[in-house]
There are 2 protein chains.
Amino acid sequence: MAQRRTARGLLSRGEIVDAALAFAEEAGLQALSLHKVADRVGVRTMSLYRYVRDKDDLLDAMGDAVLTAMTVPEVESMTWEEALAALADAFRAAVRAHPHAAPLLLTRRINAPASLPMVETTLKVLTSQGLSAKEAVHVLRVYIAFLIGTLLREVGTAPTYASDSSALSAGSPDALADSGFPLVADAATELSVCDHEAEMKFGLAMFTAALRERLGAS
Amino acid sequence: MAQRRTARGLLSRGEIVDAALAFAEEAGLQALSLHKVADRVGVRTMSLYRYVRDKDDLLDAMGDAVLTAMTVPEVESMTWEEALAALADAFRAAVRAHPHAAPLLLTRRINAPASLPMVETTLKVLTSQGLSAKEAVHVLRVYIAFLIGTLLREVGTAPTYASDSSALSAGSPDALADSGFPLVADAATELSVCDHEAEMKFGLAMFTAALRERLGAS
DNA sequence: ACCTGAACACCGTTCAAGT
DNA sequence: ACCTGAACACCGTTCAAGT
C-alpha cells in the first residue's frame, strides 16, 4: 500500500474527491463511506483525515467540485433571453454530469465560492437590462429556485437513472386515474410522463415572459 | 419496557413516525437512527421492524406525514391569483412546521398519494382559467419547482434555524465584497440577506404575471 | 401476535504509533 | 510529514427466541 502510494505520488484532496464522485455515480450517495473511498484510492481509511476534516467536509467538496466543473457561458454576444437559457443549460449540464452527486449542490447550503461565477454572470445579464442590484438579486433568486426545483426533479429519479421519463407524483397512470381526484385522473397521462428538457424550456419561457414584463414596466 | 408498552397500548406505525419527526426537529435528520427512535418510543430497536420495513420506509413515512398535515385551502371563492398564493402559503406552512423533516418531502420522490389533494386543487385553479389538462400540468410543474427551490432555501438554513436571514451564497457581506466579482461585490448587501417570505411573494408575483400573459394569449 | 437478546458487518472518528 | 493498526461507540438489519 505504502508502495502503491509512493508510486502514484502523495495522496491529495483532489484525488479523494474524484474517487468519491466516481464512487457515488457507481453506487449511489447513500452507499458512500469513508472506508469505501479509502479502498478505492488504495489507502487505509484513516489516511483520508489528513486531507478531509469530516465526512461532511468531503460531501461539501464533492458538491463544490461539480459546481466548479460547470462551464459558465460567454454571454456578451447574446440577447438576455439567450443568455439566461445558456446559463440554465450550462448548470443543467454540470448537474447531469454527476446526477448522484447533484443533491449535494442542489440541497446543501451553497456558500461556495464555486457558485460565484454563475451568480456574477447572471447578475451581469440582469443589470445590463436596467435592473438595480437589489431587483437583480430577487430575480436571480427566483431563477435559481426554479432551476434547483426543476433539476432536483430530473435528477431525483435517483437510482441509477431508472427510467428516463418519470412521474411527478404517483407512479403509474392507472394509479392516478383511480386516485379519486377527478382532475388528477383527467391528467393522468400527462402527469405520468415528464420530458425534463421540455419542462425546463417551458419554465424558462414563463420566467422570461415575467421578466420581460418587469423590464418593460421600469 | 414491556409494561410501559402494554400500559400505553400497542406500538403503532403512527406513533413511530411521530416520534421520529419529533426527534428530527430536536436533533436534526442526520442524528436520526432507528435505535434513537426506538428509545424515544420506549421499545427495543428491533420492535420497529414490525411496523416499518426499512429506515428508508420510515423516512418516506415521515415526509408523507408532513405533507398529509398540510391543510389545502378552500379556493372556490378566490381569484386564481389568490388561490395560487393561498396554496403556496399552505405548503410553506406545512414545511415550516417541520423544517428538519422538510428535505424528506422536498427532495425525495413525491410519489405519495399525500401530494394529490394539493395537486388536484392546483389543477382545478389552472383549468378553471381555461388551460387544457396538458398545459395545466406543465404550469403546475413550474409552480412546484419554484416552491420547492424556494422552500429548500428557506429551510436549508439547516441547523436549528440558525439565523433568520441567511445568505444565498457566501457567508458575510465582506466575503462577497472581496470576492473579486464586481457585480457580486456591488450586490453584497442584498445577497447576504434573505427575507424568505418576501422572496416567496416576489417569485409568486413573477409566476402570476407569466401565467396571466399565457391565459390572455389563449 | 408482538416484543426482545444476541449477533452480524459496517460506519465515522480517535489516538498513539510506525516510517 | 504522511500513513497505519487497533480500538471506540454507534449504525442498520438478521434470526431465533421468548411471552
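These numbers come from the heavy atoms of this one structure, side chains and all, not from hydrogens, waters or symmetry mates. Below, read A as the first sequence line, B as the second, and so on, with proteins coming before strands; counting in each chain starts at 1.
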Quiz prompt | B:Ala94: partners by side chain to side chain contact (heavy atoms under 4.5 Å, CB included), with sequence neighbours left out | solution = B:Met70
Quiz item: Heavy atom of residues 28-38 of chain B under 4.0 Å from DNA chain C: which residues?
Solution: none
Quiz item: Who passes salt bridge (charged side-chain N to carboxylate O under 4.0 Å, His left out) against B:Glu120, sequence neighbours left out?
Solution: none
Give me, pair by pair, the N or O atoms of the protein and of nucleotides 14-19 of chain D that are less than 3.5 Å apart, along with how far apart they are.
none

Quiz item: Rounding to a whole Å, what distance do you find between A:Asp39:CG and C:dC10:P?
Solution: 11 Å
Quiz item: Are there more than 12 heavy atoms of other residues, nucleotides or ligands under 6.0 Å from atom NZ of A:Lys55?
Solution: yes
Exercise. Measure from the side chain of B:Leu10, starting at C-beta and using heavy atoms only, and say which of D:dG12, D:dT4, C:dC3 lies closest.
Key: C:dC3
Exercise. Could you pull out all residues at least two apart from B:Arg50 that satisfy salt bridge (charged side-chain N to carboxylate O under 4.0 Å, His left out)?
Key: none
Exercise. Kindly write out the residues that satisfy side chain to side chain contact (heavy atoms under 4.5 Å, CB included) with B:Asp174, not counting sequence neighbours, or none if the list is empty.
Key: B:Ser172
Quiz item: B:Ala31: what forms a side chain to side chain contact (heavy atoms under 4.5 Å, CB included) with it, not counting sequence neighbours?
Solution: B:Phe23, B:Ala27
Quiz item: What side-chain hydrogen bond (donor to acceptor under 3.5 Å, both in side chains) pairs are there with at least one residue in residues 59-73 of chain B, not counting sequence neighbours?
Solution: B:Asp60-B:Arg108
Quiz item: Under a 3.5 Å cut-off on both pairing distances, which runs of 3 or more consecutive Watson-Crick or G-U pairs involve DNA chain C?
Solution: C:4-8 with D:12-16, C:12-16 with D:4-8
Quiz item: Starting at CG of B:Leu58 and ending at P of D:dC11, how long is that distance when rounded to a whole Å?
Solution: 14 Å
Quiz item: Taking atom C1' of D:dG12 as reference, at what distance in whole Å does atom CG of B:Asp57 sit?
Solution: 14 Å
Quiz item: According to a strict under-4.0 Å criterion, is B:Ser47 in side-chain N/O contact with OP1 or OP2 of C:dC2?
Solution: no
Quiz item: Which residues satisfy the side chain to side chain contact (heavy atoms under 4.5 Å, CB included) test with A:Pro73, sequence neighbours excluded?
Solution: A:Val75, A:Ala86, A:Leu87, A:Ala90
Quiz item: Residues in salt bridge (charged side-chain N to carboxylate O under 4.0 Å, His left out) with A:Glu76, at least two apart?
Solution: A:Lys124
Quiz item: Roughly how many Å is it from NZ in A:Lys55 to P in C:dC11, rounded to a whole number?
Solution: 8 Å
Quiz item: Taking atom C1' of C:dA7 as reference, at what distance in whole Å does atom CZ of B:Arg44 sit?
Solution: 14 Å
Quiz prompt | Atom of B:Val142, atom of A:Gly203 and distance for their closest heavy-atom approach | solution = CG2-CA, 3.5 Å
Quiz item: How close or far is atom C1' of D:dC11 from atom CG of B:Leu59, stated in whole angstroms?
Solution: 14 Å
Quiz prompt | Sequence-distant partners of A:Asp57, side chain to side chain donor-acceptor pair (under 3.5 Å), two or more places apart | solution = A:Arg13
Quiz item: Taking the side chain of A:Asp54 as its heavy atoms from C-beta onward, which of C:dT13, C:dC3, D:dC3 lies nearest to it?
Solution: C:dT13
